[in-house]
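Structure first, then comments.
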Amino acid sequence: MQLRALAKINLGLDVVRKREDGYHEVRMIMQTIQMYDLLKIDKCSEPGIHLTTNLPYVPCDERNLVYKAAKLLMDEFEIRQGVTMNLKKFIPVSAGMAGGSSDAAAALVGMNRLFGLKLSMEELMKRGVTIGADVPYCIMRGTALAEGIGEILTPLSPVPFCYVLIGKPGINVSTKTAYENLNLSQIQQHPKIDSMIDAIQAQDLKGMAGLMENVFEPGIIREYPVVQKIKDLMLEGGALNAMMSGSGPTVFGIFDSRRKMEKTAQKLRESHLAKTVFATKVFNVRGNTNDK
Ligand code: ATP
């Protein structure tokens with residue numbers, strides 16, 4: 001069985017407050033894009049989980065979210081039969097694109113199907129949140145408002161069709177660093193998440209793009225000016241807007257013209273500002289029931 005684990009971008013990202021338990025409450029507009037890892041799952045005669053990946057620096061044991069997801073269902077449903085899992089990563093790691101969370105989502109969906117567990121999407125999402133706050137969204141996919149620590153989801157109408165250019169600089173930013181560089185009390189103006197929801201509802205692509213904001217961006221740009229350089233290059237190339245996704249450092253540009261996006265992708269490659277350059281588009285199908 002082969003599944004696709006799709007990446008996400010944040011069209012808007014606000015951090016509302018820090019809770020007493022140390023977690024931050026967020027308000028984010030999530031959007032799935034057509035960039036994905038591939039996860040193969042098969043039953044095997046040897047008991048246990050046998051995971052391999054194409055990246056030497058991604059762990060293949062219980063630290064991998066795919067492993068965790070498979071183990072969670074195997075323990076709960078007392079599955080004795082072993083599985084082999086092969087994960088081909090294309091989504092940049094530690095990039096603010098929920099790669100690991102989406103892999104976990106694919107593992108839950110795949111195990112559910114392979115062993116005929118008959119769990120609904122909601123039941124999988126409930127289990128997914130114990131692995132990571134973004135996992136339920138990665139199961140649901142499409143356009144959504146995420147609140148709480150990211151796990152309280154409200155589906156939104158799909159964003160208008162658009163092209164998305166991804167540029168990930170050759171630096172890694174942990175979510176921890178992003179929060180350390182964020183001074184909540186100094187945020188003068190929070191992203192207009194509700195206005196963005198209205199723009200999406202009205203299918204106003206330019207209006208939506210104009211409202212893109214991420215509270216993590218200024219702190220990361222202060223430390224890594226390359227993020228601003230990639231943004232500038234995308235805007236010069238005709239992006240309706242360009243912004244950092246999640247806790248960074250990946251930058252995405254929203255385009256209404258494929259030609260402009262492809263020209264800009266070429267310029268970005270030639271500039272060597274980004275290690276990964278990927279030209280794609282939004283993905284608006286809910287759930288992963290149709291994946292093979
Ligand atoms: P988010 O957008 O949710 O903040 P991210 O892009 O910052 O995610 P990931 O790429 O999902 O981060 O994962 C980063 C860390 O998680 C790495 O340190 C990596 O070793 C570990 N990890 C565990 N499982 C995976 C996986 N399946 N794919 C990638 N990284 C994984």
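Counting starts at 1 for both ligands and their atoms, in listed order. Computed from a prediction, not measured in an experiment: that's the story for all the values here.
- Salt-bridge check for K176 with E180: passed, with a basic side-chain N closer than 4.0 Å to an acidic carboxylate O.
- Using a 4.0 Å cut-off between heavy atoms, N64 contacts ligand 1 through both its backbone and its side chain.
- Enclosure of atom CZ in R258 is not indicated, since only 12 or fewer non-hydrogen atoms of other residues, nucleotides or ligands lie within 6.0 angstrom.
- Between V93 and ligand 1, a contact under 3.5 Å exists for no N or O pair.
- Contacts with ligand 1 closer than 4.0 Å are made by backbone heavy atoms (N, CA, C, O) of R63 only, the side chain lying farther away.
- A side-chain contact (heavy atoms from CB on, under 4.5 Å) with R27 holds for exactly one of H190, M196, E147; it is E147.
- Taking only nitrogen or oxygen atoms, main chain and side chain alike, Y57 does not reach within less than 3.5 Å of ligand 1.
- For the pair P59 and ligand 1, the shortest N or O to N or O distance does not fall below 3.5 Å.
- At least one heavy atom of K8 sits less than 4.0 Å from an atom of ligand 1.
- A heavy-atom separation below 4.0 Å is not found between G246 and ligand 1.
- Checking each of V282, V159, L6 against T32 for a side-chain contact (heavy atoms from CB on, under 4.5 Å) leaves exactly one that passes, namely L6.
- Checked against a 3.5 angstrom limit, the closest N/O atoms of L65 and ligand 1 fall inside it.
- Ligand 1 has no nitrogen or oxygen under 3.5 angstrom from a nitrogen or oxygen of V58.
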Report task. Start with the C-alpha distance between H24 and K18, add both sets of side-chain angles, then the distance that settles side chain to side chain contact (heavy atoms under 4.5 Å, CB included), and finish with yes or no. Result -> CA-CA 4 Å; H24 288 84; K18 190 174 180 177; 3.8 Å; yes
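- The shortest N or O to N or O distance between L87 and ligand 1 is not under 3.5 Å.
- Between the CD atom in Q81 and the CZ atom in F115 there is a gap of 5.0 Å [rounded to 0.5 Å].
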